[in-house]
Amino acid sequence: DKCRCDDVPPGIDIALFDSAVNQGQTAAVKFLQRSLGVAVDGVIGPVTIAAAQRVGKSALLDMMVYRSMHYTGLSKFTKYGRGWMRRLFSCYRTALAASA
């Protein structure tokens, strides 16, 4: 409920939820907000929801880039990075299919 996945368009909801599970709710929202070009406060409010509805699936690639940048900055990237990237690209494919 904190990420309000039901209030954002199909595809973005999947990417947001997956990111929240894997990287934390606040980080997930911030990735989305950065990809939408809105104020980054880690809270989904009416501005973020309106921007997500306006921009739609075009924000997905940017969101995945922010997620991947987060992963590469982690100390365990050498050990787990390949799996994290597989998860990321799988999520991206699923999110794109859902947004069509």
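Not measured: the values here are computed from a predicted model. FYI, side chains are in, hydrogens and waters are out, and symmetry mates aren't considered; it's all heavy atoms of this structure.
In this structure the side chain of I44 reaches within 4.5 angstrom of the side chain of L16, judged on heavy atoms. Between P46 and I49 there is no side-chain heavy-atom pair separated by less than 4.5 Å. K30 is not listed as a side-chain neighbour of Y66, based on a closest heavy-atom distance of 4.5 Å or more. No side-chain heavy atom of K57 sits less than 4.5 Å from a side-chain heavy atom of P9. Within the 4.5 Å cutoff, no side-chain heavy atoms of S99 are placed close to those of I12. Between D41 and Q33 there is a side-chain heavy-atom pair separated by less than 4.5 Å.
Rounding to the nearest 0.5 Å places CG of L36 at 10.5 Å from CD of Q53. M85 CE to M64 CE: the interatomic distance, rounded to the nearest 0.5 Å, is 11.0 Å. One distance of note links CD1 of I14 with SG of C5; it measures 9.5 Å at 0.5 Å rounding.
Between A28 and A20, the shortest heavy-atom contact is CB-N, 3.4 Å. Here the closest non-hydrogen pair linking A98 and P10 is O-CB, 3.5 Å. Contact record, G42 with V29: C-CG1, 3.4 Å, taken as the closest heavy-atom pair.
Under the 3.5 Å distance criterion, the side-chain polar atoms of T94 are matched with a main-chain donor or acceptor of S90.
L32 and F89 end up in the same hydrophobic cluster when Ile, Leu, Val, Met, Phe, Trp and Tyr side chains are linked at under 4.5 Å. Grouping the Ile, Leu, Val, Met, Phe, Trp and Tyr side chains by contacts below 4.5 angstrom, directly or via other members, places M63 apart from V21. Neither V43 nor V47 shares a network with the other; the hydrophobic side chains, linked directly or stepwise wherever heavy atoms of I, L, V, M, F, W or Y lie under 4.5 Å apart, form separate groups for each. Cluster membership for L96 and L88, using ILVMFWY side-chain heavy atoms within less than 4.5 angstrom, is shared. Hydrophobic clustering places V55 together with L60 (ILVMFWY residues linked when any side-chain heavy atoms are closer than 4.5 Å, directly or through intermediates).
Crowding of F77 atom CZ: a count of heavy atoms from other residues, nucleotides or ligands under 6.0 Å exceeding 12.
Judged as a side-chain hydrogen bond (donor to acceptor under 3.5 Å, both in side chains), the pairs with a partner in residues 10-27 (not counting sequence neighbours) are, in order, D18-R67, D18-R87, S19-Q23, N22-Y71, Q23-R67.
Every residue meeting the salt bridge (Lys or Arg N to Asp or Glu O under 4.0 Å) condition with R4, not counting sequence neighbours, appears here in chain and number order: D7. Not a single ring-ring contact (aromatic ring centres under 6.0 Å, His included) links Y92 to another residue, sequence neighbours left out.
Checking V40, D62, V65 one by one against R34, the side-chain contact (heavy atoms from CB on, under 4.5 Å) holds for a single residue, V40.
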- Task: Go through W84 and L74 one step at a time and tell me if the side-chain contact (heavy atoms from CB on, under 4.5 Å) criterion holds.
- Result: CA-CA 11 Å; W84 291 338; L74 297 175; 3.8 Å; yes
